[in-house]
Structure formats: C-alpha cells, structure tokens
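Structure record follows, encoded as structure tokens.
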Amino acid sequence: MDNPFGEVPVLPVVIPLALVVFLLMLWRLQIRRAFSWPRAAVAAALAMYAAGIVGNTIFPIFLNKPSSGEPWTPALALVPFADYEIADALTNVLVFVPLGILVALVLARPTWPRVVAISAGVSLAVELSQLAAQRFFAGGHVADINDFLSNVTGGALGYGILLLLVRMPRLGRFVDRFRWAPATVHDSGDPRPQREETGRSVRNRPVSPEL
C-alpha cells in the first residue's frame, strides 16, 4: 500500500516503548528486592498506559510532510474553556484517572501535591510533544490548555478514588498488595495502622509511661 507522506506506523513504536518501560520498572523492583506479582502487574499497567498515551496523542507522524511554502503557525489553544466541548473535557479527565491511581501505587510517599505535579508534568509533556509533532511531522493534534487542565483534574480524581478505596478494610488490604511501598497514615490519609507488604496490620507498640 502506497504511503506517499511517509506515515510512521504506531505499533512498531509503542510496543517497544511499552516493553522498555516495563523492563525498567521490573529492574527497579529487583534492585529494591521488592518484586511481587501484584507490583509487576502495576508495572505492566503503567507500561501499557504509556504506550497508549503516546499512540493516541502524538501520532500520526509523517516523515515526508508536504511543504506549503508558508511560515509555520503553531496550532495552540491558550484560552481556558473557550470552544471546549464537554465530551472532550470528560474524555481528557477519564484518560488521566488511571495515571493518578498508578502513580500513587508506585510512589513511596504519595501525596496530593506529588500526584498532581506528576499528572501536570505528563500532560505538559504530551502537549509539548503535540506541538513538536505539528512543527516537524505534520501532526494533527492541537496543543490545548483545556486538555492540560482536564488531564490534571483526572490525575487528581484518580488519586482521590484510590484514597476512598483504601478506607474500606477489605479493599484497602487488597490495594496494599499492589503498593510499591507500605501504606502509612501520612501517605494515604487512611486512619488504619501501617501495614507491612503482606497486608497484615502492624501491631501497636506499647507506649512506655512517662517518668
């Protein structure tokens, strides 16, 4: 099949990307001696998520884009909430909900500022990549401040959902199996005692009376 504009196929790019991300995360677990199958499942989910984000937000990429002979004008939308459809907002929120959950499972001490900052960083990287794709590869995506705001909202929403889940005793014990670090009261806001990696509650230590 003819490909006059040199369109780069998606799968040969995103599949190796997912594999590299997955292997790096497994390596991190191994060097920390923290490998478990639930944590490996989190690594696999993050790897597939990264591949999906790249495949759906950066592509299509054209290596032989036709030249119009006119100066490049970036497609930017910098006015918040202007000509932004509700369906687009909801889609961009939902797309980043898994990121908020997965990031919180991986971080040693997940907090609202950290999860929101990582979500913002990922979304900003996506928007800048879209802008670069426009400039060099005739990309069809518009770098939009509304997408950025919706993405950050989605990441925060995902973290909030995780916090609600861990407050339920049975679900909390199940979620703890996927954490890359033991849950603490400071990390999750969960009033339950700190857990070990096995999900068993740590017994409260007796408090010595003051002399």
Checklist entry - Is any side-chain heavy atom of Tyr49 less than 4.5 Å from a side-chain heavy atom of Val95? => result yes
Check your understanding: Side-chain donor-acceptor pair under 3.5 Å between Tyr84 and Asp144, yes or no?
Key -> no
Taken to the nearest 0.5 Å, the spacing of Leu162 CG from Leu171 CG works out to 10.5 Å
Do Ile58 and His141 come within less than 4.5 Å of each other through their side chains, counting heavy atoms only? no
Rounded to the nearest 0.5 Å, the CG atom of Asp88 sits from the CG atom of Asp83 at a distance of 11.0 Å
Heavy-atom closest pair (Pro60 atom, Glu7 atom, distance to 0.1 Å) is CB-OE2, 3.7 Å
Is there a donor-acceptor pair closer than 3.5 Å between any side-chain N or O of Glu127 and the backbone N or O of Asp147? no
**Asked** Can you find a heavy atom in the side chain of Val106 that is under 4.5 Å from one in the side chain of Arg28?
**Response** yes
Is Trp27 atom CH2 crowded by more than 12 heavy atoms from other residues, nucleotides or ligands, each under 6.0 Å away? no
The residue among Asn151, Leu99, Val103, Val152 that forms side chain to side chain contact (heavy atoms under 4.5 Å, CB included) with Val122 is Leu99
- Query: Thr57 versus Ser129: any side-chain heavy-atom pair under 4.5 Å?
  - Reply: no
Query raised in the report: Is any side-chain heavy atom of Val13 closer than 4.5 Å to a side-chain heavy atom of Val10?
Result: no
Checklist entry - Do Phe148 and Phe81 sit in the same hydrophobic cluster, where Ile, Leu, Val, Met, Phe, Trp and Tyr count as joined when their side-chain heavy atoms come under 4.5 Å apart? => result yes
Is there a path of hydrophobic side-chain contacts, each under 4.5 Å between heavy atoms, that joins Phe178 and Leu29?
yes
Check the pair Asp176 / Arg179 against salt bridge (Lys or Arg N to Asp or Glu O under 4.0 Å), numbers first and verdict last. CA-CA 5 Å; Asp176 284 347; Arg179 289 182 183 272; 2.9 Å; yes
All heavy atoms of Ala18 vs all of Ala47, minimum pair found to be O-CB, 3.2 Å
CD1/Ile31: more than 12 non-hydrogen atoms of other groups inside 6.0 Å:
yes
Closest heavy-atom pair, Leu26 versus Ala40, reported as atoms and distance to 0.1 Å, is CD2-CB, 3.9 Å
Connected via hydrophobic side-chain network under 4.5 Å: Val20 and Met25: no
request  = Verify, without hydrogens or angle tests, whether Ser123 (side chain) and Ser119 (backbone) share a donor-acceptor contact under 3.5 angstrom.
outcome  = no
Between Arg39 and Arg177, the two heavy atoms sitting closest are CG-O, 4.1 Å
Check your understanding: Could you walk me through whether Ile145 and Val79 pass the side chain to side chain contact (heavy atoms under 4.5 Å, CB included) check?
Key -> CA-CA 7 Å; Ile145 185 63; Val79 181; 5.8 Å; no
Notebook entry, point to check: Any side-chain heavy-atom pair from Val8 and Phe62 closer than 4.5 angstrom?
Noted result: no
Could you check if a side-chain atom of Gln130 sits within less than 4.5 angstrom of a side-chain atom of Val142, using non-hydrogen atoms only?
no
Give the cluster check for Leu105 versus Met48: same hydrophobic cluster or not, with ILVMFWY residues linked at side-chain heavy-atom distances below 4.5 Å. no
Quiz prompt | Trp180 vs Arg32 side-chain heavy atoms within contact, under 4.5 Å | solution = yes
Would you check if the distance from the ring center of Trp37 to the ring center of Phe35 is below 6.0 Å? yes
Heavy-atom nearest pair, Ala104 first then Val115, reads CB-CG2, 4.4 Å
Interatomic distance, CG@Leu46 vs CD1@Ile101, rounded to 0.5 Å, equals 11.0 Å
Rounded to the nearest 0.5 Å, the CG atom of Leu90 sits from the CG atom of Leu94 at a distance of 6.5 Å
So does Pro110 get a backbone contact from the side chain of Tyr159, meaning a donor-acceptor N/O pair under 3.5 Å?
yes
CZ of Phe96 to OG1 of Thr91, rounded to nearest 0.5 Å, is 13.0 Å
Quiz item: If you group Ile, Leu, Val, Met, Phe, Trp and Tyr by side-chain heavy-atom gaps below 4.5 Å, do Leu149 and Ile53 land in one group?
Solution: no
CD (Glu85) and CG (Asn92) are apart, to the nearest 0.5 Å, by 12.5 Å
